[in-house]
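Here the structure is laid out as structure tokens; the discussion comes afterwards.
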Amino acid sequence: MNERIDDLHICVSQLTFLDLLATFVEFREPKYRRVTVHYDHPPRILRGLAKFGGPSPHAVLDLIGLLNRNVRLVAIRHDTAIESYPELQARALETTTDVLLDLLPEIVKDPLFAIWREALEKDPALSLAVKTLAQTAIFPAVLSVMACAAQAPGRSFSFWLPVSWPKIMGMLLIQRVGESADVLAPQTRLRSLVQRVTGLLTALALLFDLATFVLRRGVVLRAPSAKQWKVAAEFIDSKHIAGSPQHADGIVDGHLVQPGDLLLFLTRRQHQNVRRAHGKAAARSAADAAAQRGYHLAVLDGLPFSLSRLRELGQTLWRISALLIDRETSFLAIPVRLCWQDYLDFLNLFIWHRPKHILYLTFPNGVGSFRTNSGLITGLARRHGTTSAGLQSRSTYLRKWEDCFDAFDRYFFWGPQYREALSPMADLFLVQSDYVGSINLDPEMVATVRQDGNRKQAGRVTVLAFSGDVAPHGRDTRHHYTYEYNRAYLELLARFARENPLVTVQMKLKDSIGLDYFREDPRLAWCLDEAELPNFQFLPFERDVYRSALLEADVVSAMGFTSPGVDALLLGKPVVFYSQLGPETSHFTRLPCLVATDERQFHAMLRDAVYDPEAVAAAQREFLRELDPYLDGKAMERVAAALCGDMNVGAATLAASQSCAASARRA
């Protein structure tokens with residue numbers, strides 16, 4: 001880099017004050033006419049000050065940029081700043097998966113990984129490392145580089161390597177993304193010093209976490225004899241104690257698993273979610289609700305540490321701290337604190353209780369946020385003689401790292417198509433896979449649709465449409481269901497309603513607050529005018545309330561490949577998906593009459609579904625058993641039978657799984 005280059009463009013995902021200082025030091029002499037630093041996330045301290053009424057982080061960085069006229073700081077924009085942003089974001093998710101596959105051999109050689117491996121075994125530890133690394137570092141970096149390059153096509157970007165990253169990680173990232181020309185990692189004394197200080201601060205944070213957990217939970221000389229249970233499952237929400245198949249804890253109904261055989265546990269994070277939703281006394285009321293139905297609820301924050309385990313945790317913390325402060329950079333220095341907190345949270349569950357199986361969802365259907373710690377659960381379970389089981393809880397449609405790299409002794413997929421869509425990642429850490437059908441359906445829904453069919457009243461047809469996550473208009477969003485994606489879908493439906501006055505179009509927003517965002521947009525005034533469009537309606541239902549409307553609808557449409565749209569498909573209703581993610585991103589696109597990618601296609605497919613529903617449903621029917629081999633709504637019964645040892649049902653499930661997998665391969 002001795003040649004004079006007129007302009008240098010550097011892309012950095014998480015901007016820190018160290019990056020700013022290193023940039024000013026590195027480029028204090030004008031090697032370049034101008035150095036432009038494109039940053040995605042401002043320093044955390046500036047974001048914190050802004051939350052408490054401080055100045056905008058971008059305004060502060062603009063002011064700092066004036067201190068060095070040779071360096072310019074520019075925020076990377078997302079959403080409307082980039083054409084086809086949903087497709088770019090989906091591509092970033094899949095690219096992250098590819099980067100992680102390349103990183104697997106390097107992570108195993110990481111000095112911190114040896115400690116993780118001792119605590120959790122190799123495969124669970126590797127799964128945990130891969131997924132948390134993606135969440136905390138890789139995916140944000142991939143998305144930043146792609147978004148940065150999309151806003152300045154034709155430019156060559158360099159990637160500024162954070163202090164805690166080994167250079168191999170940056171090189172693999174650049175090779176996979178293919179947008180940047182170089183990796184910059186200045187080896188200055190300043191960066192070496194800050195690396196040690198950062199490691200020391202991280203070690204102190206880990207010590208603080210341990211002290212906090214010990215003070216909150218207490219210590220006993222030794223844990224009592226652990227009680228035996230057939231199944232342990234996380235308690236998600238006290239409203240769901242009655243048990244419904246579409247809920248994450250639908251196994252709680254007193255029929256599938258008897259109360260005396262099932263242990264419910266409440267993690268620290270779910271405890272916080274319950275408190276936010278139901279008040280400070282929520283944990284007590286949840287325990288009371290469980291007890292009234294005969295269930296035992298283990299609140300993990302109420303289980304103390306044993307003295308021997310506390311001594312073991314102290315020794316582990318000492319070894320981790322020594323590596324963090326050492327000069328050698330670690331891959332796992334970035335996500336280590338997140339994993340440490342989860343380890344402290346779940347450890348006592350297996351010390352105080354002995355379930356034969358644990359059923360754990362990495363994404364509890366919108367009631368809990370996405371989680372990366374299946375490897376942690378499986379590693380702890382194996383150490384204590386418990387078998388871990390995972391359960392697919394939503395429709396998957398991309399090779400997203402979120403849905404890949406799970407580690408379970410047994411995983412229950414809805415159908416063979418979902419497992420094959422995740423290959424080869426599904427074979428890395430899953431010991432056994434079974435197909436049980438979709439957990440979103442129940443026998444009553446299936447029976448109702450089969451009995452009544454697609455009902456039409458007085459010649460009118462009802463089209464029920466499902467949107468995605470609607471973020472406020474203008475807010476920076478990094479989800480592929482952007483506001484503009486939702487707005488385009490809304491306008492397509494409104495135009496269809498205007499052109500087909502005998503068709504009633506009902507739109508079910510994922511969250512009701514999305515309607516407020518639409519009302520603030522002057523471009524949508526005509527869509528929301530009830531006098532102009534009396535046959536276009538919004539359903540005022542909350543996120544997971546849609547089943548009655550789904551049963552009444554004649555035709556269903558969905559933005560992207562959301563689970564309610566798949567529910568309708570499995571019920572045999574004609575379905576039209578609208579996608580801005582590109583034709584290559586989903587196994588759903590193998591049916592030409594199922595997915596529309598532009599307005600012309602969408603209106604043509606929707607007209608076919610409305611005016612010739614039998615033909616459309618018949619064309620889609622051939623695909624259904626690859627998504628659900630059973631189509632009977634008894635998925636949770638199969639899960640409970642497999643976990644509770646009903647060998648007859650379990651054998652039938654496995655035989656059907658193998659048969660469906662073979663037929664899918666032949667197709």
Side-chain angles (χ1 to χ4, degrees), residues 10-25 37-68 71-79 92 96 132-145 147-148 159-165 169-170 173 184-186 188 190-209 212 269 272 320-321 324-325 329-342 369-370 372 471-472 475-479:
I10 300 174
C11 176
V12 57
S13 176
Q14 175 64 59
L15 185 65
T16 66
F17 282 113
L18 169 65
D19 293 315
L20 289 174
L21 187 57
T23 302
F24 290 162
V25 170
V37 177
H38 302 262
Y39 67 90
D40 210 340
H41 301 275
R44 288 188 178 91
I45 188 171
L46 293 183
R47 284 180 276 162
L49 291 175
K51 289 182 179 179
F52 292 97
S56 164
H58 303 300
V60 175
L61 292 175
D62 289 341
L63 182 62
I64 293 176
L66 296 176
L67 300 177
N68 188 333
V71 177
R72 187 165 63 108
L73 305 174
V74 177
I76 300 172
R77 294 183 58 197
H78 291 262
D79 198 4
T96 301
T132 51
L133 194 61
Q135 179 187 26
T136 56
I138 302 296
F139 175 66
V142 169
L143 186 59
S144 297
V145 173
C148 189
F159 185 78
W160 190 270
L161 198 65
V163 171
S164 51
W165 283 28
M169 185 186 292
L173 172 68
L184 300 178
T188 63
L190 172 66
R191 294 180 71 87
S192 177
L193 173 63
V194 171
Q195 181 174 322
R196 289 199 168 200
V197 172
T198 302
L200 176 61
L201 293 176
T202 303
L204 292 175
L206 299 181
L207 177 61
F208 174 80
D209 292 335
T212 301
R269 285 195 176 89
Q272 293 170 349
I320 293 175
S321 301
L324 290 175
I325 301 172
T329 304
S330 168
F331 278 94
L332 304 181
I334 302 172
V336 67
R337 189 181 183 191
L338 177 63
C339 298
W340 177 248
Q341 290 176 336
D342 279 350
S369 59
F370 177 81
T372 59
R475 178 177 292 181
D476 209 23
T477 176
R478 289 165 175 81
H479 196 287

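Excluded from the calculations below are hydrogen atoms, water molecules and symmetry mates; all remaining heavy atoms, backbone and side chain alike, are included.
In terms of heavy-atom proximity, Ala50 sits nearest to Pro57 at CB-CD, 3.8 Å. The shortest heavy-atom contact between Pro42 and Gln14 is O-NE2, 3.1 Å. Among all heavy-atom pairs drawn from Leu324 and Ala203, the shortest one is CD1-N, 4.0 Å. Looking at every heavy atom in both residues, Ala92 comes nearest to Val142 through O-CG1, 3.7 Å.
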- Can Val37 and Val12 be said to form a side chain to side chain contact (heavy atoms under 4.5 Å, CB included), step by step? CA-CA 7 Å; Val37 177; Val12 57; 3.8 Å; yes
- Message: Show, in sequence, the C-alpha distance, side-chain angles and deciding distance for Leu61 and Leu15, and conclude whether the side chain to side chain contact (heavy atoms under 4.5 Å, CB included) test is met.
- Response: CA-CA 10 Å; Leu61 292 175; Leu15 185 65; 3.9 Å; yes
- Working for side chain to side chain contact (heavy atoms under 4.5 Å, CB included), residues Leu143 and His78: CA-CA 9 Å; Leu143 186 59; His78 291 262; 3.8 Å; yes
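Here Ile76 contributes atom CD1 and Tyr39 contributes atom OH; the two are 9.5 Å apart, rounded to the nearest 0.5 Å. Atom CG in Asp62 sits 8.0 Å away from atom OG in Ser56 (nearest 0.5 Å). Taken from CG in Leu46 to OG1 in Thr16, the straight-line distance is 11.0 Å, to the nearest 0.5 Å. A distance of 8.5 Å separates SG of Cys148 from CG of Asp40, quoted to the nearest 0.5 Å. Atom CD1 in Ile45 sits 11.5 Å away from atom CZ in Arg47 (nearest 0.5 Å). Taking CG from Leu201 and CG from Leu206, the interatomic distance works out to 11.0 Å, rounded to the nearest 0.5 Å.
Val74 places a side-chain heavy atom less than 4.5 Å from the side chain of Arg72. Residues Gln341 and Arg269 are in side-chain contact: their nearest non-hydrogen atoms beyond the backbone lie under 4.5 Å apart. Residues Gln135 and Leu338 meet the side-chain proximity criterion, which asks for heavy atoms closer than 4.5 Å.
For the side-chain hydrogen bond (donor to acceptor under 3.5 Å, both in side chains) with Arg337, the lone residue among Thr202, Asp209, Asp342 that qualifies is Asp209.
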